[in-house]
Amino acid sequence: MKKYFFLFALALPLSLWAQYLLPNEEIIYSFETKAGKKMTLVKDKQDQYIQYRFGSKNHVDMQFPAERTKDSWKKFKYKSYMRGGGKQNAAMELSYLTFTNKGYQYQLYKTYYAEDGSYNTGITITDSRGKETEIPGIYKTIKGCICNLEESTLIEKEDTGL
């Protein structure tokens, strides 16, 4: 009986983590939020799909898209902007990933502004009337980089307009 309890105790944390990362996946970008939630953007190691996951540390509340197919790449749009030159040139690095789910637009972001030395990450959710809800992330919990999508030919790139 002790042997089974030990195996169960060992497997439980692995199964909880498995909800956010399956054996065939790798993290593109991940962070924890100030409200104690977790956002993870993953892709299949063979680029068969991309998927956004959000929820508590132990439970995925939302996955997008629900199906894990090659078409999932078409449901996301990536844009970025980089200007060098340090503080005197108002240098910045901006990376965004957007998708729409059930009438809401989700925008993941990672930003850096040299003028004030600020680093930020989070999610902006916009409803059909334009009302925005901000979910700030904890920058020091970041794993990966949205910027890794810059070179991908599978995801649509948008012009930042800057």
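All values below come from the heavy atoms of this structure, side chains included, with hydrogens, waters and symmetry mates left out.
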Which residues share a side chain to side chain donor-acceptor pair (under 3.5 Å) with K43, sequence neighbours left out: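 Partners of K43 by the side chain to side chain donor-acceptor pair (under 3.5 Å) criterion, ordered by chain and then number, come out as E26, D47.
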Would you please name every residue forming a side chain to side chain donor-acceptor pair (under 3.5 Å) with Y29, sequence neighbours left out?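 With sequence neighbours excluded, Y29 shows a side chain to side chain donor-acceptor pair (under 3.5 Å) to T121, given in chain and number order.
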When you measure from the side chain of [X] to the backbone of [Y], do you find a donor-acceptor pair of N or O atoms at a distance under 3.5 Å?
X: T126; Y: G130; answer: no
X: R83; Y: A90; answer: yes
X: Q88; Y: G85; answer: yes
X: S80; Y: L94; answer: no
X: K45; Y: P23; answer: yes

Which residue pairs pass the ring-ring contact (aromatic ring centres under 6.0 Å, His included) test when at least one of the two sits in residues 115-141, sequence neighbours left out?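 Qualifying pairs: Y112-Y119, Y119-Y139.
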Listed partners of K34 passing side-chain contact (heavy atoms from CB on, under 4.5 Å), at least two apart: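 Once residues adjacent in sequence are excluded, the partners of K34 under the side-chain contact (heavy atoms from CB on, under 4.5 Å) criterion are P136, I138.
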I'd like to check the side-chain contact (heavy atoms from CB on, under 4.5 Å) partners of K87; sequence neighbours left out, ordered by chain and number.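 Result, side-chain contact (heavy atoms from CB on, under 4.5 Å) vs K87: none returned.
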How close do I50 and P65 get, counting heavy atoms only, and between which atoms?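 Taking every non-hydrogen atom into account, O-CD, 3.6 Å.
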With sequence neighbours excluded, what pairs up with [X] under the salt bridge (Lys or Arg N to Asp or Glu O under 4.0 Å) test?
X: K70; result: none
X: E67; result: K75
X: K77; result: none
X: D116; result: none

Can you see whether E156 engages Y78 through a side-chain donor-acceptor pair at a distance of less than 3.5 angstrom?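 Short answer, no.
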Modelled atom types, side-chain donor and acceptor of S72 and Q51, under 3.5 Å: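 The answer is no; no qualifying pair exists.
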Going only through I, L, V, M, F, W and Y residues with side-chain contacts under 4.5 Å, is there a path from I27 to L41?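 Result: no, two separate clusters.
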Tell me, which pairs form a side chain to side chain donor-acceptor pair (under 3.5 Å) where one or both residues lie in residues 99-109, sequence neighbours left out?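 Listed once each, the pairs are Y109-E134.
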Could you work out, with ring-ring contact (aromatic ring centres under 6.0 Å, His included) as the rule, every residue matching Y49, not counting sequence neighbours?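 Listed in chain order: nothing, the list is empty.
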Does anything in residues 63-156 form a disulfide (SG to SG under 2.5 Å)? List the pairs, not counting sequence neighbours.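 Sorted pair list: C145-C147.
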